[in-house]
2 protein chains.
Amino acid sequence: MSEVAATGISVLLVDDHPIVRQGYRRVLESQGDLHVVAEADNAADAYGAFKAHDPDVVVLDISMPGASGLEAIRNIRARSPRARILVFTMHNEAVLVKAAFSAGASGFVTKSSEPSAVVSAIRSVARGERAMSDDIAHILAEDSLSAGSALDQLGEREIEILRQFAGGATTEQIAAHLNLSVKTVQNYHYLIKTKTGARTDAQLVRLAATCGLTRI
Amino acid sequence: MSEVAATGISVLLVDDHPIVRQGYRRVLESQGDLHVVAEADNAADAYGAFKAHDPDVVVLDISMPGASGLEAIRNIRARSPRARILVFTMHNEAVLVKAAFSAGASGFVTKSSEPSAVVSAIRSVARGERAMSDDIAHILAEDSLSAGSALDQLGEREIEILRQFAGGATTEQIAAHLNLSVKTVQNYHYLIKTKTGARTDAQLVRLAATCGLTRI
DNA sequence: TGCAGCTCGGGCAAATTTCCCAAGCCGGAT
DNA sequence: ATCCGGCTTGGGAAATTTGCCCGAGCTGCA
């Protein structure tokens, strides 16, 4: 990794849209010091490409079909802890950002960012620094005023209720199934939302899905 | 339009992600005959850019904040019926494709397509032909055979609201994006639930995901 | 011309969400 | 032993949303 300064930064691009990859490749390579050494269009291939090319930075869109991008991050980091992964996606929900970082990402940049911001984020990540775009920093800052992390902050009961809820069960069904009062389930529902930072039931479902709690 | 062969094809790029536009621009311009004469990052600016530059083809991503891309299509076509619009998006649901064509699009290409397919679609559209990528043709074909999914009962507005809702947007955000009152969005929310038979927001999100309306 | 369907929103009772609070339980720290 | 903190379980009350009904404007179509 110390040869970065001499040889430039090698990049693995992971995105499920060919033209998008193609475009990124051109934007990055026009920088001179960035070289796209491989591409992958799904989470499963990402690790294989990583192993084969040992890139300095993985630029990865977490909204892909198939295995979640979060799993791809965990996958790569589990076997190559020194991997640098920059998440690059259109999503900007605090829960997702936190989940990505706790899965082992080094940076998080939205597609709304200027190209220059993306490029400098790649360089930062290659240097081993943490990087995120301004909008993400804003969202995290606001979110963190009340603290609360992602799924691992949830207790046993909360996880169970979230799973059933995200699976499509009504409050009454959950209460009946777990032998709780409706009120208690409602309270858990609220608690889970505040703990995860989800502002909407839909965000909750998405969180559960991206964390592998439910399959859709 | 007959000077296309002599001067190449001028293109207006409409997409809300700067790097994505940047990338497309490079991919298209590397073709030699395609020239990106303007860009826009929202539906509102799209018509202004169209009027100012009179491009041969508008390449447009319909999943943008602000006015829906479908409205942008109608907007442009209403005032310039000879405009050629190629929808270029990650979405691939039959309902959306049909809506786009009936709004006046000349072509529909998914981001999963190979760059060469996108480029040739642009050339086809510039010649006044209809164009769509293979996956879209497949989906339309299957759709016309099958009884139709739960989403077929929904109108355009309902689809748009469902997409944003399932994507994690709050009622207020949707109302602001689409310039509707909160009450209207709430009514649509309710209507969508009754039409699709979903008893829970979570079920709605799952439905949207399984129908390909949203990616998780 | 008239019907049908989409879009947009008001109204209002019923339900849910949002917070705040309390109590019992349990594990760990002092 | 005792206390602290976190989990689980629920009550209460205000704020908001939902569920459902309604009407009006518009468009396309017969």
Side-chain angles (χ1 to χ4, degrees), chain A residues 143 145-166 168-205, chain B residues 43 67-75 77-78 81 95-96 98-104 148 150-166 168-205 207:
Chain A
D143 179 84
L145 288 182
S146 59
S149 209
L151 266 195
D152 27 64
Q153 302 275 346
L154 300 181
E156 196 80 18
R157 214 91 245 235
E158 290 156 341
I159 292 278
E160 183 56 34
I161 288 174
L162 173 56
R163 182 203 318 286
Q164 296 196 23
F165 169 75
T170 67
T171 301
E172 285 84 359
Q173 289 171 339
I174 298 175
H177 199 266
L178 298 180
N179 251 232
L180 297 175
S181 78
V182 168
K183 180 63 186 170
T184 298
V185 177
Q186 289 176 336
N187 279 337
Y188 271 115
H189 192 331
Y190 167 72
L191 199 62
I192 293 168
K193 276 211 262 187
T194 59
K195 275 193 180 181
T196 58
R199 324 223 312 95
T200 286
D201 283 354
Q203 291 179 14
L204 220 45
V205 175
Chain B
S68 120
L70 291 177
E71 287 180 38
I73 297 176
R74 263 188 291 275
N75 215 334
R77 294 277 300 189
V95 270
L96 247 193
K98 289 193 265 187
F101 277 118
S102 78
L151 292 188
D152 280 351
Q153 336 164 39
L154 302 181
E156 269 176 39
R157 219 73 264 230
E158 290 157 342
I159 291 278
E160 182 61 30
I161 287 173
L162 174 55
R163 185 211 316 294
Q164 296 196 22
F165 169 75
T170 66
T171 301
E172 285 86 356
Q173 288 172 340
I174 298 174
H177 281 163
L178 299 181
N179 241 273
L180 296 174
S181 80
V182 167
K183 179 61 184 171
T184 299
V185 176
Q186 289 174 337
N187 279 338
Y188 272 114
H189 191 333
Y190 166 72
L191 201 61
I192 293 167
K193 276 211 262 187
T194 58
K195 275 193 180 181
T196 58
R199 325 220 315 90
T200 288
D201 283 355
Q203 291 177 15
L204 219 45
V205 175
L207 176 70

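Per chain, numbering begins at 1; letters A, B, ... match sequence-line order. Bear in mind the structure is a predicted one, so any value in this text is a computation, not a measurement.
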Original post:
Under 4.0 angstrom, heavy atoms only, what part of the nucleic acid is A:Glu172 near: base, sugar-phosphate, or nothing?
Top reply: sugar-phosphate
**OP:** Give the rounded distance in Å between these two atoms: CG of B:Leu178 and P of C:dT7.
**Re:** 11 Å
Subject >> Atom pair CG (B:Leu154) and OH (B:Tyr188), whose distance is rounded to the nearest 0.5 Å >> reply: 11.0 Å
Original post:
Which atom names give the shortest non-hydrogen contact between B:Phe165 and B:Asp201, and what distance separates them?
Top reply: CZ-CG, 3.5 Å
Original post:
What's the spacing between B:His177 NE2 and B:Gln164 CD if we round to 0.5 Å?
Top reply: 6.0 Å
Original post:
Of the non-hydrogen atoms in A:Ile174 and A:Ala169, which two are nearest, and what is the gap between them?
Top reply: CG1-CB, 3.8 Å
Original post:
How does DNA chain C look in dot-bracket notation if pairs are Watson-Crick or G-U with both distances under 3.5 Å, crossing ones as [ ], other-strand ones as |?
Top reply: ||||||||||||||||||||||||||||||
Original post:
Tell me: CD1 of B:Ile159 to P of C:dG5, nearest whole Å?
Top reply: 18 Å
Subject >> For atom CD of B:Glu160 and atom P of C:dC6, their distance in whole Å >> reply: 17 Å
Original post:
Side-chain N or O of B:Lys193 less than 4.0 angstrom from OP1 or OP2 on D:dG19?
Top reply: yes
**OP:** Figure out the CG/P separation between A:Leu162 and D:dT8, and round it to whole Å.
**Re:** 13 Å
Subject >> Close approaches to DNA chain C from residues 180-190 of chain B, in residue order (heavy atom, under 4.0 Å) >> reply: B:Leu180, B:Ser181, B:Lys183, B:Thr184, B:Asn187, B:Tyr188
Original post:
Any donor and acceptor pair, going by atom type alone, linking the side chain of A:Thr200 with main-chain N or O of A:Gln203 inside 3.5 Å?
Top reply: no
Subject >> Protein-nucleotide distance (A:Arg199, atom CZ; C:dT18, atom P), rounded to Å >> reply: 10 Å
**OP:** Rounded to the nearest angstrom, tell me the gap between atom CG in A:Leu191 and atom P in C:dC21.
**Re:** 15 Å
**OP:** Measure the spacing between CZ of B:Arg157 and CG of B:Leu178 and express it to the nearest 0.5 Å.
**Re:** 5.0 Å
Subject >> A:Ile174 CD1 - C:dT17 P separation (whole Å) >> reply: 10 Å
**OP:** Considering only NZ, NE, NH1 and NH2 on the basic side and carboxylate oxygens on the acidic side, decide whether A:Arg163 and A:Glu160 come within less than 4.0 Å.
**Re:** yes
Subject >> Nearest-angstrom distance from the residue atom CZ of B:Arg157 to C1' of D:dC26 >> reply: 14 Å
**OP:** Quick one: pull up OG1 in A:Thr194 and OH in A:Tyr190 and give me the separation to the nearest 0.5 Å.
**Re:** 5.5 Å
Original post:
Is any NZ, NE, NH1 or NH2 atom of the basic residue among A:Arg199 and B:Glu172 found under 4.0 Å from an Asp or Glu carboxylate oxygen of the other?
Top reply: no
